[in-house]
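Proteins get letters first, then strands, A, B, ... in listed order; numbering begins at 1 in each.
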Amino acid sequence: MTEDKQSLNFIEEIIKEDLETGKHEKIVTRFPPHPNGYLHIGHAKAICVSFGLADKYKGITNLRFDDTNPVKESVEYIESIRKDVKWLGFDWENEFFASDYFDQLYKWAIKLIKERKAYVDDSSAEQIALEKGTPTKPGIESKFRNRSVEENLDLFERMKNGEFLDGERVLRAKIDMASPNMHFRDPLMYRIKNVTHHRTGDKWKIYPMYDWAHGQSDSIENVTHSLCSLEFEVHRPLYNWYIEQLNIYPSRQIEFARLNLNYTIMSKRKLISLVEEGHVSGWDDPRMPTISGLRRRGYTPASIRMFCDRVGLAKRNNVIDVALLEYCVREDLNKSAYRRMAVLDPVKLVITNYPERKTELLTGENNPENSEDGDREIPFSREIYVEREDFKEEPQNKKYFRLAPGKNVRLKHAYIVHCEGFKKDEVTGEVTEIHCTYYPDSKSGSDTSGVKAKGTLHWVDANSNAEIEVRQYDRLFKTEQPDVGEEHFTEHLNENSLTVIPAAKAEIALANADDKQGYQFLRLGYFSLDKDSTTDKKVFNGTVGLRDSWGKKNN
RNA sequence: UGUCCGGUGGUGUAAUGGUAACACAUGGGUUUUUGGUACCUUUGUUGAGGGUUCGAGUCCUUCCCGGACAACCA
């Protein structure tokens with residue numbers, strides 16, 4: 001009974017049909033990053049789409065670096081891209097570079113020149129822009145448009161050989177200056193850049209433009225479905241035009257809506273400026289929407305893949321609620337994170353009827369969702385720390401279950417305590433110590449006391465613990481769409497996006513925390529070990545808080 | 001006053017001429033030694049008009065709204 005036909009998205013429909021009709025035996029997709037920045041969550045969607053579809057339909061995916069503009073590219077970016085794609089859990093069939101095809105592209109350009117479909121233009125960038133017209137006004141033809149084939153060939157070769165300065169000449173396709181599609185108004189194919197390329201060195205002084213390189217690269221690789229974002233929709237006729245003129249393998253470009261997330265930005269240019277202007281500590285700042293930032297924040301590959309799967313695939317512009325991303329990481333981490341206790345804002349609690357010099361080792365499971373993860377030991381003694389927030393002198397709310405004079409609470413994995421009183425600093429009004437008695441027969445797992453406690457608190461032993469630094473993050477921007485509107489996007493930055501807690505108390509087991517393991521600090525949220533940790537002091541990044549159905553209603 | 005692409009709850013995505021559904025978010029509840037998890041549950045949706053049809057979110061048409069396109073970027 002596999003009657004449940006799961007609905008396919010529009011690209012899956014196309015692929016399915018192409019496979020069924022025999023148009024393709026096997027699909028080939030590609031992920032073509034421009035190595036001029038770090039990958040972000042928007043790229044993650046593109047990666048999941050191209051790699052994911054190839055996986056689903058038993059095809060292959062190439063990783064192709066679109067390195068046609070050496071001015072903006074760097075090896076650092078190439079390496080980060082490889083790392084991020086792998087980390088997300090994908091593997092490419094081939095690794096290519098657009099620069100692998102520079103020779104072929106050059107030959108094809110000569111072919112077009114000979115067929116009078118391309119020409120060298122000596123006009124300045126300004127002149128060309130001027131003659132291009134506007135979307136509503138046709139352009140006019142360049143005075144260099146009708147040079148002889150011989151002159152074009154000669155000039156083009158000399159362009160290649162470096163006889164001219166940057167910007168002095170370009171090669172253009174000869175199409176239609178009056179076309180309603182701006183990209184048909186004699187698009188540039190090559191421009192001169194006297195710079196060293198990270199892979200081809202000084203071999204080339206001319207570099208192909210995106211439109212002239214991309215479709216041909218797809219075609220050379222026999223890419224069947226070239227999936228890209230909506231903004232390239234207007235490029236598709238040109239993509240097809242080049243392929244038709246060259247009479248080469250007809251790759252098909254299909255566009256889908258890119259991912260947008262609220263409370264953040266996705267523009268590479270703007271992300272670069274956040275890094276360069278020091279608004280964040282780097283590309284991998286845990287507040288960044290970059291893959292490396294999310295990784296450092298404690299997001300798992302599975303959670304990001306789940307997210308990309310759930311946002312869907314369509315052609316309409318969208319803004320995804322970041323709450324969905326947070327949901328996905330909680331969903332994943334809940335199953336795998338080790339539970340630990342840490343107190344971020346400690347206040348001392350003294351159990352007055354507990355023996356002074358005694359320490360017990362209690363047992364707590366690493367993960368209640370998976371008993372195979374085993375247990376860890378937790379020291380417990382007369383003095384412990386609890387969260388300042390978990391004590392109230394005079395609770396107002398009838399449903400308050402935590403510590404207050406006269407109330408019982410369960411200490412997780414330990415005993416039920418009864419609050420007898422507290423000390424406070426008369427000057428500041430700050431509670432300095434909470435006094436409790438415990439019920440000796442209420443020990444976790446063997447409770448025979450019959451005492452009831454509605455609330456359960458996390459705590460840390462005062463004698464034996466690890467001091468840790470905790471970095472808590474909030475959204476980087478205060479507004480849902482920081483790059484929409486009049487103001488500069490940096491004006492929407494949330495100045496409270498980072499809170500450092502230099503000396504939190506953690507249970508001793510966290511002294512041996514592992515950066516490959518996610519942690520849940522009980523009742524607080526998920527945390528992961530940061531690379532800034534030293535052997536003396538561990539640093540933890542707050543990945544995401546626990547869902548909190550109490551805090552929201554009660555401020 | 002151009003061309004192209006879109007418009008379904010708050011946010012996304014489905015419904016492929018036949019009862020508008022799913023997830024997140026939101027509100028309520030059950031269970032609980034995490035106010036977590038799990039489970040149950042509430043609210044709320046086809047941009048507007050006209051047409052075709054027994055029947056329209058879906059097809060046709062007019063309009064409205066949103067986005068993309070005028071880098072020697074990709």
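- Residue A/Arg523 places no side-chain atom within donor-acceptor reach of the base of B/U34, judged by atom type and a 3.5 Å distance cut-off alone.
- Look at the C1' atom in both B/U45 and B/C22: the space between them is 13 Å, to the nearest Å.
- Under the Watson-Crick or G-U wobble criterion, with both distances below 3.5 Å, B/A74 is left unpaired in every strand shown.
- Here A/Ser179 lies out of heavy-atom contact (under 4.0 Å) with every strand.
- Separating the P atom of B/A21 from that of B/U16 is a span of 13 Å, rounded to the nearest Å.
- Aromatic ring centres of A/Phe477 and A/Tyr263: separated by at least 6.0 Å.
- Under a 4.0 Å N-O distance rule, the pair A/Lys16/A/Glu12 does not qualify as a salt bridge.
- The partner of B/G44, taking Watson-Crick or G-U wobble pairs whose two distances both stay under 3.5 Å, does not exist in any strand shown.
- Between A/Val386 and A/His458, the closest heavy-atom pair is CG1-O, 4.2 Å.
- Put simply, CZ on A/Arg547 is 11 Å from P on B/C39, counting in whole angstrom units.
- In this structure, A/Asp309 atom CG and B/A23 atom P are separated by 14 Å, rounded to whole Å.
- The nucleotide B/U52 finds no pairing partner, because no Watson-Crick or G-U wobble arrangement with both distances shorter than 3.5 Å includes it.
- Ring centroids of A/Phe156 and A/Tyr190 are separated by less than 6.0 Å, placing the two rings close together.
- Across all strands shown, B/U58 remains unpaired; no Watson-Crick or G-U wobble contact has both distances below 3.5 Å.
- Here B/G6 sits opposite B/C65 as a Watson-Crick or G-U wobble pair (both hydrogen-bonding atom distances under 3.5 Å).
- Between A/Asn317 atom CG and B/C5 atom C1' the separation is 9 Å, expressed in whole Å.
- Side chain of A/Arg258 to main chain of A/Phe256: no donor-acceptor pair is present (N/O by atom type, distance under 3.5 Å, no hydrogens or angles).
- A donor-acceptor contact under 3.5 angstrom links the side-chain atoms of A/Arg339 to the base of B/U34.
- Between A/Trp550 and B/G35, a base-stacking contact is recorded: ring centres under 5.5 Å apart, planes less than 30° from parallel.
- Close to B/C73, at under 4.0 Å from its OP1 or OP2, lies no side-chain N or O of A/Tyr210.
- Straight-line distance from the CZ atom of A/Phe10 to the P atom of B/U58: 20 Å, rounded to whole Å.
- Rounding to whole angstrom units, CD of residue A/Glu131 and P of B/A70 are separated by 17 Å.
- Checking the phosphate oxygens (OP1, OP2) of B/C73, a side-chain nitrogen or oxygen of A/Asn69 falls inside 4.0 Å.
- The nearest heavy atom of RNA chain B to A/Leu313 and to A/Met209 marks one nucleotide each, and the one closer to the 5' end goes with A/Leu313.
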